[in-house]
Chemist: 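Dropping the structure in here first, questions after.
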There are 2 protein chains.
Amino acid sequence: MRRDVFQALADPTRRAIILMLAVSAMTPNAIADQFDISRQAVSKHIKVMSECELLAQEQKGREIYYHLHADKMKEIEKWLEQFKQQISKRFEQLDEVLIQLKQKKK
Amino acid sequence: MRRDVFQALADPTRRAIILMLAVSAMTPNAIADQFDISRQAVSKHIKVMSECELLAQEQKGREIYYHLHADKMKEIEKWLEQFKQQISKRFEQLDEVLIQLKQKKK
DNA sequence: TCATTACGAAACCATTTGGTTGCAAATGTA
DNA sequence: TACATTTGCAACCAAATGGTTTCGTAATGA
């Protein structure tokens, strides 16, 4: 099983859960109330996100509050930075072509 | 089948392909040469990315050059913005708690 | 004309995914 | 103590995923 933040973001339900937990920690029941799927289905999503260290749990009596480990999202940003860096290479290559065309003219 | 940019990014091979195509368009064979999997496996990844409109093809004789539709990546950035906005709400709530504590002291 | 090359499509397979229902354990409450 | 609530875990299922091999077809070049 692949377990990284990209995998966590791949499912729309998980993305919605992440946006909710970004505001404040919640219990599985409270999260499940917001969706049309079963509590257990939500629990599975929570498990996936826990496995990629996006979530931390805090037991309070019989309730478990899930907190978002927001820093993990930086991995996405890091990749996006890498992506933009590659894009800039494209333009560098274009520049080279233009320079070569210029030299041919001479 | 879910077909969005998040899905496209979920697989590490696809992420690597995207980074390559960000620099310049490539043919399926040229892409496959960079990986240990079969050309057909790469073709499947290309298909997934095409279906979520991340790729555009340009036929040149018997070769097909796949170009990256880099703008599509903005959907990821858009979601990340939304995420950060939610995170900021968390601090607004914290501020409220502090204000309430202050008022209780009086 | 004919072999080669580049590619997509199809069939197949094991594994993963996203969902379900049922159950047991732990905790809080009457 | 008895009962209700919150939760995780296991079993199960259909569909999707990521890979393979095989085949068909269109363009290239000798």
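Throughout, protein chains are lettered first and strands after them, A, B, ... in sequence-line order, and every chain is numbered starting at 1.
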Chemist: Looking at A:His45, does any N or O in its side chain come under 4.0 Å of the phosphate oxygens OP1/OP2 on C:dG19?
Modeler: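 Indeed, a polar side-chain atom of A:His45 lies that close.
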Chemist: Round to the nearest Å and state the distance from B:Leu9 atom CG to D:dG18 atom P.
Modeler: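 My rounded result for the distance is 12 Å.
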Chemist: Between A:Asp36 and A:Lys60, just flag the one whose closest nucleotide in DNA chain C comes earlier from the 5' side.
Modeler: A:Asp36
Chemist: What is the separation between atom CG on B:Asp11 and atom P on D:dA16, rounded to the nearest whole Å?
Modeler: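 Distance, rounded to whole Å: 17 Å.
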Chemist: Is A:Gln40 side chain donor-acceptor paired with the C:dG22 base, going by distance under 3.5 Å alone?
Modeler: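 Checked by distance alone, the answer is yes.
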Chemist: When you measure from the side-chain N and O atoms of A:Arg2 to the phosphate of D:dT17, is any distance below 4.0 Å, counting only OP1 and OP2?
Modeler: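 Looking at the OP1 and OP2 atoms of D:dT17, neither is under 4.0 Å from any side-chain N or O of A:Arg2.
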Chemist: Reading DNA chain D from 5' onward, which residue's closest nucleotide shows up sooner: B:Lys44 or A:Glu63?
Modeler: A:Glu63
Chemist: Would you say the side chain of B:Ser50 lies within less than 4.5 Å of the side chain of B:Tyr66, judging by non-hydrogen atoms?
Modeler: yes
Chemist: Would you say B:Phe6 ends up clustered with B:Val48 if hydrophobic residues are merged whenever their side chains have heavy atoms under 4.5 Å apart, either directly or through other cluster members?
Modeler: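 Each belongs to a different hydrophobic cluster.
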Chemist: Specify the separation, in whole Å, of atom CD of A:Glu58 and atom P of D:dG8.
Modeler: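 Going from A:Glu58 (CD) to D:dG8 (P), I get 14 Å.
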Chemist: Do the side chains of A:Glu77 and B:Lys84 get close enough for a salt bridge, i.e. N-O under 4.0 angstrom?
Modeler: yes
Chemist: Is the shortest side-chain N to carboxylate O distance from A:Asp11 to A:Lys44 below 4.0 Å?
Modeler: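 Salt bridge flag = no for A:Lys44 with A:Asp11.
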Chemist: Please pick, from D:dT7, D:dG18, C:dG8, the nucleotide with the shortest atom-to-atom distance to any side-chain atom of B:Ser43.
Modeler: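 Nucleotide nearest to B:Ser43's side chain: C:dG8.
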Chemist: In whole angstroms, how far is the C1' atom of D:dT7 from the CE atom of A:Met26?
Modeler: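 A:Met26 atom CE is separated from D:dT7 atom C1' by 15 Å.
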Chemist: Measure from the side-chain heavy atoms of A:Ile64 and tell me the nearest of D:dG18, C:dC7, D:dT7.
Modeler: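 Shortest atom-to-atom distance from the side chain points to D:dT7.
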Chemist: Given that A:Gly61 and A:Met1 both sit by DNA chain C, which one's nearest nucleotide is further toward the 5' end?
Modeler: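 Nearer the 5' end of the strand: A:Met1.
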Chemist: For the pair made of CZ in A:Arg15 and C1' in C:dT17, what is the distance, rounded to whole Å?
Modeler: 15 Å
Chemist: What verdict does the salt bridge (charged side-chain N to carboxylate O under 4.0 Å, His left out) test give for B:Arg15 and A:Asp4, after you've listed the backbone C-alpha separation in whole Å, the side-chain angles of each residue and the deciding distance to 0.1 Å?
Modeler: CA-CA 13 Å; B:Arg15 286 201 295 277; A:Asp4 53 35; 3.6 Å; yes
Chemist: Does OP1 or OP2 of D:dC9 have a side-chain N or O of A:Arg39 closer than 4.0 Å?
Modeler: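 No, outside the criterion.
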Chemist: Please check the phosphate of C:dG19 (OP1 and OP2 only) for any side-chain N or O of A:Ser38 closer than 4.0 Å.
Modeler: no
Chemist: Could you state the CZ-C1' distance from A:Arg14 to C:dT17, rounded to the nearest angstrom?
Modeler: 8 Å
Chemist: Spell out yes or no: do the side chain of A:Arg62 and the base of C:dT27 have one donor N/O and one acceptor N/O closer than 3.5 Å?
Modeler: yes
Chemist: Under 4.0 Å between a side-chain N or O of B:Asn29 and OP1 or OP2 of C:dT5?
Modeler: no
Chemist: Applying a strict under-4.5 Å side-chain criterion to I, L, V, M, F, W and Y, I'd like to know whether B:Phe91 and A:Leu68 cluster together.
Modeler: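 Yes, one cluster joins them.
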Chemist: Nearest to the side chain of B:Tyr66, which nucleotide is it out of D:dG18, C:dC7, D:dT20?
Modeler: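 Closest nucleotide among those given: C:dC7.
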Chemist: Rounded to whole Å, please give me the gap between CD in B:Gln57 and P in C:dA9.
Modeler: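 B:Gln57 atom CD is separated from C:dA9 atom P by 9 Å.
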Chemist: Please state how far atom CD1 in B:Ile46 lies from atom P in C:dG8, giving the value in whole angstrom units.
Modeler: 6 Å
Chemist: Looking at every strand, decide which applies to B:Gln7 at a 4.0 Å heavy-atom threshold: base, sugar-phosphate, or nothing.
Modeler: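 Sugar-phosphate contact only - B:Gln7 comes under 4.0 Å of backbone atoms but never of a base.
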